[in-house]
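Below is one structure, written out as structure tokens; the observations come after it.
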Amino acid sequence: MKILISAYACEDGKGSECEIGWQIVLRLAEKYQVHVITRKNLEKKHKEYFERKKKPTSLKFIYYDLPPIFTYLKFKKKFFLIYYYFWQIAIGIKANKLNRKYKYDIMHHLTGNMSWMPAGLALAKGKLIWGPIGSLNLPKESYKYLNFSEILFEKVRSILKSILHNFDPLLRISFLKSVLILTHTPKYI
């Protein structure tokens, strides 16, 4: 079986989502041919890891970042989601090209999953697994611990999530295209 994975976060030793992406990719590569689209800045870290441990022959990384003009967005926390949104579109286009060449049996949008952001792989032909996805709003009770700018950020984020969830055609395609959606917060989908 040939699997194409989108893993924005995929790195050993970082914990959390990065580690989950990394471990799942390695485990799948034990049984299947796995190609992973991930960020270009992880290439050096992956190379260092595989200098210490044997790389599965069935595992291939495709490193991709948006053109340098977008890099500014990536490093400014408040603009990161704009970068990420465009990265999803770009990898969807890239996945279509890769799929014509490799003919994947399944595509899996593995990490960087929010129920209000599209899965770029949904733009490619083929079966899509999406998740785990989810996205909780910060509980209102937590606001008393935040300063004004943090509260403002949370309110803007909540409005943005609502707009994307209800009106974004790419998000709608992601839901419709998925043959399986994994989630830890089903009431937010």
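Residues take their numbers from the sequence shown, with the count starting at 1.
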If you look at every heavy atom in [X] and [Y], which pair is closest and at what distance?
X    : Y    : value
I173 : A122 : CG2-O, 3.8 Å
F50  : L26  : CZ-CD2, 4.1 Å
L66  : W87  : CD1-N, 3.7 Å

About how many Å separate [atom2] of [Y] and [atom1] of [X], when rounded to the nearest 0.5 Å?
X    : Y    : atom1 : atom2 : value
F175 : L171 : CZ    : CG    : 5.0 Å
L4   : H35  : CG    : NE2   : 8.5 Å
L128 : S6   : CG    : OG    : 9.5 Å
D12  : E19  : CG    : CD    : 5.0 Å
L81  : R157 : CG    : CZ    : 8.5 Å
R172 : N166 : CZ    : CG    : 7.5 Å

For this session: Please tell me if the side chains of L59 and V36 come closer than 4.5 Å, counting only heavy atoms from C-beta onward.
Result: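 Side-chain contact under 4.5 Å: yes.
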For this session: Would you mind reporting whether I5 and H109 have side-chain heavy atoms less than 4.5 Å apart?
Result: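 Not touching, per the 4.5 Å side-chain cut-off.
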Problem set entry | K94: partners by salt bridge (charged side-chain N to carboxylate O under 4.0 Å, His left out), with sequence neighbours left out | none
Problem set entry | is_close_aromatic(Y64, F86), centroid dist under 6.0 Å | no
Exercise. Side-chain donor-acceptor pair under 3.5 Å between N113 and Y8, yes or no?
Worked result: no
Exercise. Distance only, no hydrogens: is a donor on one side chain within 3.5 Å (strictly under) of an acceptor on the other, for Y102 and K60?
Worked result: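 Result is yes, a qualifying pair exists.
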Exercise. Can R39 be said to sit on top of Y63's aromatic six-ring, NZ or CZ under 6.0 Å from centre and within 45° of the ring axis?
Worked result: no
For this session: Begin with the C-alpha distance, continue with both residues' side-chain angles, and end with the deciding distance and a verdict on salt bridge (Lys or Arg N to Asp or Glu O under 4.0 Å) for E43 and K40.
Result: CA-CA 6 Å; E43 187 172 13; K40 182 94 174 120; 2.6 Å; yes
Problem set entry | S178 side chain vs W130 backbone, donor-acceptor pair below 3.5 Å |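 Side chain of S178 to backbone of W130: no pair is present.
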